[in-house]
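Quick notes on the structure that follows.
As the structure is a prediction and not an experimental result, all values here were calculated from the model.
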Amino acid sequence: MDRLDISAAEGDGLAGLVGNVSEAARGLPPTPATRPAEPPGSWAARPAASGRRPGERAGGTGGGDVADGTGLFVYGIVPSDVEPTPDAAGVGDPPSEVAAIRHGELAALVSEVGLEEPLGRPADLTAYQELLDGTAAVAPVLPVRFGTVVTGPDAVTELLTAHHDRFAAALDGFEDRIEYMVHARYHEQPLLAELLAADPEAADLARQVRGQPEAATRPQRIRLGEIVSQAVELRREAENRHVLDAVTPLVVDSAVRPPSSELDAVNLAFLVDSARADEFADALEAYAGRRRDLLRMRLLGPHAPYDFVAAHQLAG
């Protein structure tokens with residue numbers, strides 16, 4: 001699906017005029033906005049094919065034994081009827097087998113890892129996210145902070161026991177709901193043109209530095225960078241508000257994410273009822289079309305509800 005294609009060519013613009021205001025403002029690659037693809041796979045199924053009763057532990061990997069130098073990497077908390085699929089791959093090299101440890105109405109998705117094994121490779125982060133996002137496509141999931149490793153099944157059971165009611169209530173709240181992220185970045189030249197047209201001081205400074213050696217115009221460049229940075233921040237706040245206004249009737253919750261670049265226009269997370277996902281995407285598509293001359297927008301997801309749960313804070 002490629003209906004939100006609102007990218008446009010960029011020129012020298014802000015980075016060339018301001019100099020070293022921000023490395024993030026240089027050489028931004030064209031990123032056409034698209035509707036999100038489906039997750040790479042659904043790594044869990046409901047109901048549990050094995051017919052296990054709540055409270056029974058899944059087989060396969062997931063033992064963990066401090067004596068032999070292994071532990072359990074915990075990915076997330078799910079309802080007890082969720083069963084990892086045979087192709088579910090965890091972290092590690094080679095990828096570890098994913099299992100479920102159950103207690104009451106809950107289960108934890110885990111895999112065995114070496115306690116001395118370094119984690120954090122790009123492949124590990126990808127495996128973590130793909131497992132959680134694939135699971136979220138079929139069942140609610142509470143992501144646990146990446147890198148959480150416990151000593152064994154007993155530690156997992158203690159976690160599920162201590163927070164059983166809280167986790168179960170949270171999972172109920174995420175049933176048939178999914179997270180999407182909306183990210184937009186300004187086109188540099190149109191943004192700069194608007195900023196200079198609206199601020200005489202900035203326009204004058206731009207004229208002073210254009211074509212001049214950086215060392216000779218350093219004070220003017222610093223001041224111009226400050227003006228532009230402040231103006232972009234104000235515009236970003238307004239842009240986030242406008243997007244929120246456009247989709248608030250269609251979402252369950254929203255969260256503002258920190259900008260990843262000086263040219264970020266929007267960085268928001270939304271919790272959406274699965275049944276309204278197309279309607280939500282249509283509203284964003286309409287908004288993106290109205291703003292295509294100034295920014296390009298991407299809709300990312302569906303994802304596990306990373307921005308809307310606190311379970312990871314309890315398992316560290």
Side-chain angles (χ1 to χ4, degrees), residues 36 38-39 42-48 52-55 58 74-85 88 98 100-110 128-146 148 150 156-182 240 243-258 267-281 283-284 299-316:
E38 291 299 314
S42 293
W43 306 128
R46 303 177 78 181
R52 289 191 187 91
R53 295 185 302 276
V74 186
Y75 298 88
I77 312 300
V78 295
S80 61
D81 64 349
V82 171
E83 179 74 16
T85 58
V98 178
I101 295 178
R102 296 177 172 81
H103 175 75
E105 299 176 4
L106 306 175
L109 299 177
V110 303
Y128 167 82
Q129 183 172 349
E130 287 186 352
L131 177 66
L132 291 173
D133 291 350
T135 301
V138 296
V141 57
L142 307 180
V144 173
R145 182 178 59 238
F146 177 85
T148 296
V150 299
V156 176
T157 301
E158 289 174 7
L159 170 69
L160 299 180
T161 301
H163 304 287
H164 183 278
D165 292 347
R166 181 176 182 180
F167 287 170
L171 286 169
D172 286 344
F174 291 115
E175 187 76 54
D176 296 322
R177 290 172 175 171
I178 204 80
E179 175 174 325
Y180 288 92
M181 288 184 287
V182 178
N240 278 328
V243 173
L244 287 168
D245 290 344
V247 300
T248 291
L250 305 174
V251 305
V252 177
D253 201 357
S254 62
V256 179
R257 299 167 58 87
N267 200 4
L268 298 167
F270 294 97
L271 187 66
V272 181
D273 284 326
S274 299
R276 305 200 74 175
D278 286 344
E279 192 178 358
F280 169 75
L284 286 171
L299 176 60
L300 307 172
H303 297 303
Y306 304 102
D307 288 276
F308 300 100
V309 299
H312 64 286
Q313 298 173 350
L314 303 176

Has the side chain of [X] got a donor or acceptor atom that lies under 3.5 Å from a matching backbone atom of [Y]?
| X | Y | value |
| --- | --- | --- |
| Thr148 | Val74 | no |
| Asn267 | Pro258 | yes |
| His164 | Glu105 | yes |
| Glu179 | Asp307 | yes |

Using a 4.5 Å cut-off on heavy atoms from C-beta on, say whether the side chain of [Y] contacts that of [X].
| X | Y | answer |
| --- | --- | --- |
| Val251 | Tyr180 | no |
| Gln129 | Phe146 | no |
| Val150 | Leu159 | no |
| Phe174 | Leu271 | yes |
| Pro305 | Val141 | yes |

Distance, nearest 0.5 Å, that separates [atom1] of [X] from [atom2] of [Y]:
| X | Y | atom1 | atom2 | value |
| --- | --- | --- | --- | --- |
| His103 | Glu158 | NE2 | CD | 10.5 Å |
| Tyr75 | Leu132 | OH | CG | 9.0 Å |
| Phe280 | Leu250 | CZ | CG | 8.0 Å |
| Arg177 | Phe270 | CZ | CZ | 15.5 Å |
| Thr135 | Ile77 | OG1 | CD1 | 12.0 Å |

Chi angles and distances behind the side-chain contact (heavy atoms from CB on, under 4.5 Å) call for Asp176, Asp273: CA-CA 6 Å; Asp176 296 322; Asp273 284 326; 5.8 Å; no
[X] to [Y] - nearest heavy-atom pair and separation:
| X | Y | result |
| --- | --- | --- |
| Ala100 | Ala107 | CB-CB, 4.4 Å |
| Ala136 | Ile178 | O-CD1, 3.4 Å |
| Arg276 | Pro249 | NH1-O, 3.3 Å |

Worked check of side-chain contact (heavy atoms from CB on, under 4.5 Å) between Leu268 and Asn240: CA-CA 7 Å; Leu268 298 167; Asn240 278 328; 3.5 Å; yes
Any side-chain donor near an acceptor of the partner, Tyr128 and Asp133, under 3.5 Å: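 Asp133 and Tyr128 do not have a side-chain donor-acceptor pair below 3.5 Å.
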Residue pair Glu83, Arg102: steps toward the side-chain contact (heavy atoms from CB on, under 4.5 Å) verdict: CA-CA 10 Å; Glu83 179 74 16; Arg102 296 177 172 81; 2.6 Å; yes
Stepwise side-chain contact (heavy atoms from CB on, under 4.5 Å) check, Ser254 with Leu244: CA-CA 8 Å; Ser254 62; Leu244 287 168; 3.5 Å; yes
Identified side chain to side chain contact (heavy atoms under 4.5 Å, CB included) counterpart of Val247 within the set Val182, Leu284, Val272: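 Result for side chain to side chain contact (heavy atoms under 4.5 Å, CB included) with Val247: Leu284.
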Side chain to side chain contact (heavy atoms under 4.5 Å, CB included), paired with Leu106, selected from Ile101, Leu160, Thr157, Leu142: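 Of all the options given, the one that passes is Leu160.
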